[in-house]
Amino acid sequence: MLVTPHSCVGPASGGGQRTDLFFSALKRLGPTEVVVLGTAEGRENIEPHFPGHSGLHLVDTQRAFTRKLSLTQLASQRIDRYIRFSRGFRPDPAVREQMRALLGSKPVVVVYRYFHNFCLAGHKPEDVKTMRLCVDLDDRDDQRLPTMVQQLSGSRILGDLYARLMTPVLRKFMLSKLSIASLVWLAADEDLAGLDELPTAVAPNVPFRIGEFAADLLPSQCSDVLFVGNFAPNRDGVRWFLQKCWADLYRRHPKSRFRIVGFGDWSELADEFQGSEGVDFVGAVDDLASEYGRARLVILPLFSGGGTKIKLIEACAFGRPVVATTLSGRGFGPEVAALLPQSDTADGFVAHCSRYLADEKAADELGSRLQ
């Protein structure tokens, strides 16, 4: 049985692609049922993403992060999420009852996507007598929350202070909860640190739905700068790039356009930067390959989040040069890291982008080597 949040269903997001990876692997091991948490969406829109499943179950929860909340509810949820961990990650009785009814007493392997969803089910030590519980941490909360605090507050000092004071508390809490797990997956070798007490393994991210791809145009024949993504950390990264980098880059390379692709609501950023020249808020597209195929280079200016970025390995698979921040570039091993231009400063980021916009040969060579 695979348990995933609704936000990680479908290939349009990196989280959805990782869910696809686990579902595909589990099906090869045996009949696989799927539980989707926290959705009011119709079954007909979810079922096509799990071909060959042996059962699909939609389980609602009042604490799904996909649910729209009032400002008061959002404030309370954030306090629970960042400080009161026993509340922020407490079981949902409705989810536990529904999971118990689905699981019964039959021997089963249950794979949870994310620590939060594992906590919602409220498993107890006696549960391991009849089932093997496995958890894909993907983004480790104890690594991700400090960067999110820094991003939300705009203060690196507050992020560092949170990491010193709260990360050890959260890690101890996670180790306690995960002590009954048979196996815990991480997305990269770098994420294994501090989890020595648990049975762990690395399940790396890969570009799941690309297959054979040959662009009609080489990077040198294109001029666009491309960003692909969704969700808050991505929007924060795009905002940083627009505020700190794009005007300078566009002044140097006026034939280039910055195309922002990905589902979700980009209207706030579009309004904020409506006077910016050379910027296209494209939004969702049916064919990502065509967007990559027209790009000179791809940027990943992300400063928060955990795990690894599927969009990085996707851009590499499409044969495009990539300029990234250090957080965006982690987790894919020394071979990729040695090739990847990385900078966390605006001047450095602009310099890397400008090089590949100006040098056709360098753009083609880097795209080919990354692919």
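The basis for the numbers below is simple: all heavy atoms, side chains too, and nothing from hydrogens, waters or symmetry mates.
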If you measure from CG on Leu297 to CG on Leu226, what distance do you get to the nearest 0.5 Å?
8.5 Å
Which residues satisfy the side chain to side chain donor-acceptor pair (under 3.5 Å) test with Asp191, sequence neighbours excluded?
Arg330
State which residues pass ring pair (Phe, Tyr, Trp, His ring centres under 6.0 Å) with Tyr250; sequence neighbours excluded, sorted by chain then number.
Trp246
Mind jotting down which residue pairs meet the ring pair (Phe, Tyr, Trp, His ring centres under 6.0 Å) criterion with at least one end in residues 180-206? Sequence neighbours excluded, please.
Phe22-Trp185
Please report the C-alpha distance between Ile83 and Met166 in whole Å, then the side-chain angles of each, then the deciding distance to 0.1 Å, and finally whether the side chain to side chain contact (heavy atoms under 4.5 Å, CB included) criterion is met.
CA-CA 7 Å; Ile83 299 175; Met166 301 307 300; 4.3 Å; yes
Keeping Arg171 on the side-chain end and Asp142 on the backbone end, is there a donor-acceptor pair under 3.5 Å?
no
Check the surroundings of atom CG in Leu29: do more than 12 heavy atoms from other residues, nucleotides or ligands lie under 6.0 Å from it?
yes
Please check if the side chain of Tyr356 supplies one atom and the backbone of Pro219 the other of a donor-acceptor pair under 3.5 Å.
no
Nearest heavy-atom contact between Val95 and Asp60 is CG2-O, 3.8 Å
Under 3.5 Å, which donor-acceptor pairs do the side chains of residues 193-207 form with other protein atoms, sequence neighbours left out?
residue: Asn205; atom: OD1; partner: Arg18; partner atom: NH1; Å: 2.9
residue: Asn205; atom: ND2; partner: Thr308; partner atom: O; Å: 3.4
residue: Asn205; atom: ND2; partner: Thr308; partner atom: OG1; Å: 2.6

Work out which heavy atom in Pro301 is nearest to a heavy atom in Phe349; give both atom names and the distance.
CB-CZ, 3.9 Å
Is the shortest side-chain heavy-atom distance between Val285 and Ser290 below 4.5 Å?
no
What's the shortest heavy-atom distance between Val322 and Leu370, and which atoms?
N-CD1, 3.9 Å
Taking salt bridge (Lys or Arg N to Asp or Glu O under 4.0 Å) as the test, write out the residues that go with Glu277, two or more places apart.
none
Please report the shortest heavy-atom distance between Phe118 and Lys177, naming the atom on each side.
CE2-O, 3.4 Å
NZ of Lys124 to NZ of Lys129, rounded to nearest 0.5 Å, is 12.5 Å
Verify same cluster id: Val261, Ile313 (apolar side-chain graph, 4.5 Å):
yes
Give the C-alpha distance, both sets of side-chain angles, the deciding distance and a yes or no for side chain to side chain contact (heavy atoms under 4.5 Å, CB included) between His49 and Val36.
CA-CA 11 Å; His49 296 299; Val36 178; over 6 Å; no
Test item: Ser182 and Val128 side chains (from C-beta on) under 4.5 Å apart, heavy atoms:
no
Side-chain donor or acceptor of His253 paired with backbone N/O of Lys255 under 3.5 Å:
no
Please identify each residue that fulfils salt bridge (Lys or Arg N to Asp or Glu O under 4.0 Å) with Asp127, with sequence neighbours left out.
Arg96
More than 12 non-hydrogen atoms from neighbouring residues, nucleotides or ligands closer than 6.0 Å to CD on Glu335, yes or no?
no
Set of residues satisfying salt bridge (Lys or Arg N to Asp or Glu O under 4.0 Å) with respect to Glu47, sequence neighbours excluded:
Arg43
If we only count heavy atoms from C-beta on, is the Leu312 to Ser328 side-chain gap below 4.5 Å?
no
Ring pair (Phe, Tyr, Trp, His ring centres under 6.0 Å) partners for Phe115, two or more places apart
Phe89
With rounding to the nearest 0.5 Å, note down the distance linking CZ in Phe23 to OG1 in Thr19.
11.0 Å
For residues Lys361 and Asp364, determine if any side-chain heavy atom of one lies less than 4.5 Å from a side-chain heavy atom of the other.
no
Is Ile310 linked to Leu327 within one hydrophobic cluster, defined over Ile, Leu, Val, Met, Phe, Trp and Tyr using a side-chain heavy-atom separation of less than 4.5 Å?
no
Which residues pass the side chain to side chain contact (heavy atoms under 4.5 Å, CB included) test with Arg257, not counting sequence neighbours?
Asp224, Asp280
Is there a side-chain contact between Leu339 and Cys316 in this structure, where contact means two heavy atoms from C-beta onward sitting under 4.5 Å apart?
no
Kindly compute the distance separating CZ (Arg140) from CG (Leu145), expressed to the nearest 0.5 Å.
11.5 Å
Okay, side chain of Ser223, backbone of Gln221: is any donor-acceptor separation there less than 3.5 Å?
no
Quick check: do Leu120 and Tyr112 have side-chain heavy atoms less than 4.5 Å from each other?
no
Are the side chains of Pro5 and Tyr114 in touch, meaning some heavy atoms are under 4.5 Å apart?
yes
Is a side-chain N or O of Glu33 found less than 3.5 angstrom from the main chain of Met1, in a donor-acceptor match?
no
Tightest non-hydrogen contact, residues Gly237 and Leu302, listed as CA-CD2, 4.4 Å
List the atom of Gly52, the atom of Lys27, and the distance in Å for their closest heavy-atom pair.
O-CD, 4.0 Å
With a 3.5 Å distance limit and no angle check, can you tell me whether Gln98 reaches the backbone of Ala94 through a side-chain donor-acceptor pair?
yes
Going through the checks in order, is the side chain to side chain contact (heavy atoms under 4.5 Å, CB included) test met by Val323 and Val225?
CA-CA 10 Å; Val323 176; Val225 177; over 6 Å; no
Please list all pairs passing the salt bridge (Lys or Arg N to Asp or Glu O under 4.0 Å) test where one or both residues lie in residues 239-254, with sequence neighbours left out.
Asp236-Arg239, Arg239-Glu268, Arg239-Glu272, Asp248-Arg251, Asp248-Arg252
Heavy-atom check, side chain of Trp240 versus side chain of Cys245, under 4.5 Å:
yes
Value for CZ (Phe281) from OG (Ser276), rounded to nearest 0.5 Å, stands at 7.0 Å
Is it true that a side-chain atom of Arg144 and a backbone atom of Asp141 form a donor plus acceptor pair closer than 3.5 Å?
no
Value rounded to 0.5 Å, distance of CG in Asp359 from OG in Ser354:
10.5 Å
Give a yes or no on whether Val279 and Leu300 share a hydrophobic cluster (residues Ile, Leu, Val, Met, Phe, Trp, Tyr; joining criterion: side-chain heavy atoms under 4.5 Å apart).
yes
Does atom CZ of Arg369 have more than 12 heavy-atom neighbours, drawn from other residues, nucleotides or ligands, at distances under 6.0 Å?
no
Listed by chain and number, what are the salt bridge (Lys or Arg N to Asp or Glu O under 4.0 Å) partners of Arg113, not counting sequence neighbours?
Asp136, Asp138
Criterion side chain to side chain contact (heavy atoms under 4.5 Å, CB included) on Ile299 and Cys353, from CA distance to verdict
CA-CA 8 Å; Ile299 61 164; Cys353 291; 3.8 Å; yes
Set of residues satisfying side chain to side chain donor-acceptor pair (under 3.5 Å) with respect to Glu291, sequence neighbours excluded:
Arg259
Assign the ring pair Phe227 / Trp266 to parallel, tilted or perpendicular, where the plane angle (0 to 90°) is split at 30° and 60°.
perpendicular
Main-chain N/O of Ser176 paired to Ser179 side chain as donor or acceptor, under 3.5 Å:
yes
